[in-house]
**Student:** 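Next up is a structure, given as structure tokens.
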Amino acid sequence: MQGITANLNQHIGIFKISKINNPSMQRRKFLKKSSLTAVGALSTTALASCKTKTSEDENARNAPMETKSPIRPIAIATWNVPNSTAAAWKVLKEGGTSLDAVETGVKMEEADVNNQSVGKGGRPDRDGHVTLDACIMDSKGNCGAVVYLQHITHAISVARKVMEETPHVMLAGKGAEQFAFEQGFDKEDLLTKKSKAEWLEWKKEAKYAPVINIENHDTIGMLAIDKNGDISGACTTSGMAYKMAGRVGDSPIIGSGLFVDNEIGGATATGQGEEIVKTVGSFLVVELMRQGRSPQEACEEAVNRIIKNDPNYEKIQVGYIAINKNGETGGYCIHPGFSYRVYTEQGHENIESSSFL
Ligand code: SD4
């Protein structure tokens, strides 16, 4: 354990800088544009010469909230999902709510058969069934979720219906499916030819060993702040590929895959759901922000908790993204390869997340 902690201390702060994708750089670019003179005084050359990212850097970029105007509207999402963030942005730009924005945004990935971690085209469980998990949370603290939902592409919209049309927060399996049909959702076959062929290939060895950033890639978690400053979030997935029948991950669990507190901010997760659930990851990130951490620091601490608890952390991927009430963002993961999309008035960018390893 001590070894792990020492290892952890050595790793904290190591950051691979990329001039294009570096979040600190982008935020600084933004602050410069906002003519905040103290920050604007930092020369681009000086910033580009930074080799490591530390929490101090993050503190600098998230320095005194009251001196900055809030960044809004804004939409952010796990992974490089430009169609989703663009769709969410359109809703926000037209004056729509953050709730409509996140639902509209993640539906793009649910409908995209090429995304094999979400909605239609998702990889099946080991018995060949595509089962979806999703949840949604609004700025008033309302939430809805579906778990182990089959035959319906837009699990997120069913989750929203659970939130808005039932006295419950979560519906599972057949009950969720029955409810969806009653609400007018169409029955569909979600298993595409491609996902079926890959599953049949997998069955030859039937070894459950999800490939990092491949077989657990592209679960979409999205957070948005609308022009009124209200925050909402959505998270949707087909879960880990070739999971056991009945397995549910973090994504539909309020507090694990997603959490929003309109006074503080929001967080959402991707990766090995079991690890995220064990640390109630998204709730943890939001609570850390409540205690004064920047979104970046909060994501780092949540990942570090997993690393401290699990000696096998090198075999798993977990990534968090977070946003605070001011529209400042952060992201952190165990393995390199995770990125997140940010859409603001300043532009639409894919940000490579810093990582522990
Ligand atoms: C799960 N967290 O079911 C999800 C998987 C995931 O990108 O994030 N995939 O555990």
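Read the numbers this way: they start at 1 and go in the same order the structure lists the ligands and their atoms.
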**Student:** Between Ser117 and ligand 1, which residue portion shows a heavy-atom distance shorter than 4.0 Å: side chain, backbone, both, or neither?
**Tutor:**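 It is neither; nothing of Ser117 touches ligand 1.
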
**Student:** The test is side chain to side chain contact (heavy atoms under 4.5 Å, CB included); show your working for His154 and Lys120 and say whether it passes.
**Tutor:** CA-CA 8 Å; His154 293 301; Lys120 193 165 184 154; over 6 Å; no

**Student:** Looking only at side-chain N and O atoms, does Glu300 offer a donor or acceptor that is under 3.5 Å from a partner on Gln296?
**Tutor:**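 Judged by distance alone, the side chains do pair up.
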
**Student:** For atom 10 (O) of ligand 1, which candidate among Gln317, Arg247, Gln272 holds the nearest heavy atom?
**Tutor:**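 Comparing heavy atoms across Gln317, Arg247, Gln272, the nearest one to atom 10 (O) of ligand 1 lies in Arg247.
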
**Student:** Would you say the side chain of Gln272 lies within less than 4.5 Å of the side chain of Met240, judging by non-hydrogen atoms?
**Tutor:** yes

**Student:** Below 30° counts as parallel, above 60° as perpendicular, anything between as tilted: where do the rings of Tyr343 and Trp89 land?
**Tutor:** parallel

**Student:** Phe338 and Tyr332: aromatic ring centres closer than 6.0 Å?
**Tutor:**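 Ring centroids of Phe338 and Tyr332 are no less than 6.0 Å from each other.
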
**Student:** Taking 4.0 Å as the limit for heavy-atom contacts, which would you say applies to Arg123 with ligand 1: side chain only, backbone only, both, or neither?
**Tutor:** neither

**Student:** Identify, by atom number and element, the atoms of ligand 1 in contact range of Asp250, meaning under 4.0 Å from any of its heavy atoms.
**Tutor:** 1 (C), 2 (N), 4 (C), 10 (O)

**Student:** Which atoms of ligand 1 are found less than 4.0 Å from any heavy atom of Thr219?
**Tutor:** 4 (C), 5 (C), 6 (C), 7 (O), 8 (O), 9 (N)

**Student:** Out of Gly271, Gly239, Gly281, indicate the one that has the non-hydrogen atom closest to atom 4 (C) of ligand 1.
**Tutor:**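 The residue whose heavy atom sits nearest atom 4 (C) of ligand 1 is Gly271.
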
**Student:** Quick one: are Met222 and Thr268 in side-chain contact, heavy atoms under 4.5 Å?
**Tutor:** no

**Student:** Run the numbers for me: atoms of ligand 1, each under 4.0 Å from some heavy atom of Met240, listed by number.
**Tutor:**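 Counting atoms of ligand 1 from 1, those under 4.0 Å from Met240 are 3 (O), 5 (C), 10 (O).
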
**Student:** Thr270 to ligand 1: N or O pair under 3.5 Å?
**Tutor:** yes

**Student:** Can you sort out which atoms of ligand 1 are near Ser251, meaning under 4.0 Å from one of its heavy atoms?
**Tutor:** 2 (N), 4 (C)

**Student:** Looking at Glu182, I want to see if its CD is surrounded by more than 12 non-hydrogen atoms of other residues, nucleotides or ligands under 6.0 Å.
**Tutor:** yes

